[in-house]
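Please read the structure below before turning to the comments.
Each residue takes its place number in the sequence, starting with 1. These values consider heavy atoms only, across backbone and side chains, with no hydrogens, waters or symmetry-generated copies. No experiment lies behind these values; they were computed from the predicted model shown.
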Amino acid sequence: MSPPPISFEALMGLWQEGQRRLAEAPPTERAAMDRVIDASVEALRRRLGGSFTVSELAQLYVDQGTDWVFDIATRVAPTTPAAWDLTTVAGSAFARYARE
């Protein structure tokens with residue numbers, strides 16, 4: 001039996017948690033995190049295009065996960081391990097993209 005589909009509202013709660021964690025991040029780490037988030041939003045834009053539904057965004061999250069964000073994070077902020085925290089940076093990127 002397959003698990004029930006994850007609702008956009010549930011995912012948005014996870015993504016907003018990332019934004020909350022970002023807001024609480026030390027200023028010394030925040031700039032690197034913001035660069036990772038910016039690069040991740042650009043990657044989402046390439047994956048989904050300019051026009052998308054929240055269902056498509058949620059489906060991308062469920063189907064592809066966030067491992068690809070880790071690759072971006074280690075490339076964009078190689079000396080700032082705090083910027084590799086996927087709960088924070090991926091969550092913030094998805095929340096930002098959802099607002100677009």
Side-chain angles (χ1 to χ4, degrees):
M1 187 184 247
S2 62
I6 297 175
S7 73
F8 172 75
E9 290 78 21
L11 290 175
M12 194 61 190
L14 290 173
W15 302 340
Q16 288 172 336
E17 172 65 14
Q19 290 185 308
R20 184 193 64 73
R21 291 171 62 143
L22 178 66
E24 295 173 355
T28 56
E29 298 168 349
R30 179 71 189 259
M33 291 173 144
D34 283 333
R35 288 192 311 274
V36 171
I37 293 164
D38 290 344
S40 299
V41 167
E42 285 303 314
L44 285 168
R45 207 171 269 123
R46 285 190 302 278
R47 289 166 188 251
L48 286 174
S51 180
F52 65 93
T53 66
V54 293
S55 294
E56 290 170 325
L57 183 63
Q59 195 63 51
L60 178 110
Y61 183 87
V62 170
D63 290 347
Q64 296 185 14
T66 57
D67 289 346
W68 57 272
V69 177
F70 184 77
D71 295 337
I72 291 171
T74 56
R75 179 176 38 83
V76 171
T79 61
T80 312
W84 309 343
D85 176 5
L86 296 183
T87 301
T88 302
V89 295
S92 294
F94 273 87
R96 184 189 305 170
Y97 200 64
R99 288 192 312 270
E100 292 182 1

Can you tell me which residue pairs pass the ring pair (Phe, Tyr, Trp, His ring centres under 6.0 Å) test with a partner in residues 19-47, sequence neighbours excluded?
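For residues 19-47, and leaving out neighbouring residues, there are no ring pair (Phe, Tyr, Trp, His ring centres under 6.0 Å) pairs at all.
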Kindly state each residue pair satisfying ring pair (Phe, Tyr, Trp, His ring centres under 6.0 Å) with at least one member in residues 36-59, sequence neighbours excluded.
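Every pair satisfying ring pair (Phe, Tyr, Trp, His ring centres under 6.0 Å) with a residue in residues 36-59: Phe52-Tyr97.
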Mind checking what makes side chain to side chain contact (heavy atoms under 4.5 Å, CB included) contact with [X], not counting sequence neighbours?
| X | result |
| --- | --- |
| Arg30 | Leu22, Asp34 |
| Pro27 | none |
| Thr53 | Ser55, Glu56 |
| Ala95 | Met12, Trp15, Gln19, Arg99 |

Identify each donor-acceptor pair in which a side-chain atom of residues 40-50 lies under 3.5 Å from a protein atom, sequence neighbours left out, and give them as a table.
unit_1 : atom_1 : unit_2 : atom_2 : d
Ser40  : OG     : Val36  : O      : 2.8
Glu42  : OE2    : Arg45  : NH1    : 2.3
Arg45  : NH2    : Glu100 : OE1    : 2.9
Arg45  : NH2    : Glu100 : OE2    : 2.7
Arg47  : NH1    : Gln64  : OE1    : 2.2

Set of side-chain hydrogen bond (donor to acceptor under 3.5 Å, both in side chains) partners for Gln59, sequence neighbours left out:
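Checked Gln59 against side-chain hydrogen bond (donor to acceptor under 3.5 Å, both in side chains); matches are Asp63.
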Please identify each residue that fulfils side-chain hydrogen bond (donor to acceptor under 3.5 Å, both in side chains) with Glu9, with sequence neighbours left out.
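Partners of Glu9 under the side-chain hydrogen bond (donor to acceptor under 3.5 Å, both in side chains) test: none.
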Quick one: side-chain hydrogen bond (donor to acceptor under 3.5 Å, both in side chains) pairs with a partner in residues 80-93, sequence neighbours left out?
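Found Arg21-Asp85, Arg21-Thr88, Asp85-Thr88.
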Those residues that, when tested against Arg35, pass salt bridge (Lys or Arg N to Asp or Glu O under 4.0 Å) (two or more places apart):
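Applying salt bridge (Lys or Arg N to Asp or Glu O under 4.0 Å) to Arg35 gives none.
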Measuring from Leu14:CG to Phe94:CZ, what's the distance to the nearest 0.5 Å?
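The distance works out to 11.0 Å.
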Are the side chains of Val62 and Leu11 in contact, using a 4.5 Å heavy-atom criterion?
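Heavy-atom side-chain distance check passes, below 4.5 Å.
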Taking C-beta and beyond as the side chain, do Arg20 and Gln16 meet within less than 4.5 Å on heavy atoms?
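Side-chain contact under 4.5 Å: no.
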Please give me the minimum heavy-atom distance between Ala39 and Ile72, naming the atom from each residue.
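Where Ala39 meets Ile72 most closely, the heavy atoms are CB-CG2, 3.5 Å.
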Atom of Met33, atom of Ala82 and distance for their closest heavy-atom approach:
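Looking at all heavy atoms of both residues, the shortest contact is CE-O, 3.2 Å.
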Tell me which pairs pass salt bridge (charged side-chain N to carboxylate O under 4.0 Å, His left out) where either residue lies in residues 66-80, with sequence neighbours left out.
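For residues 66-80: none.
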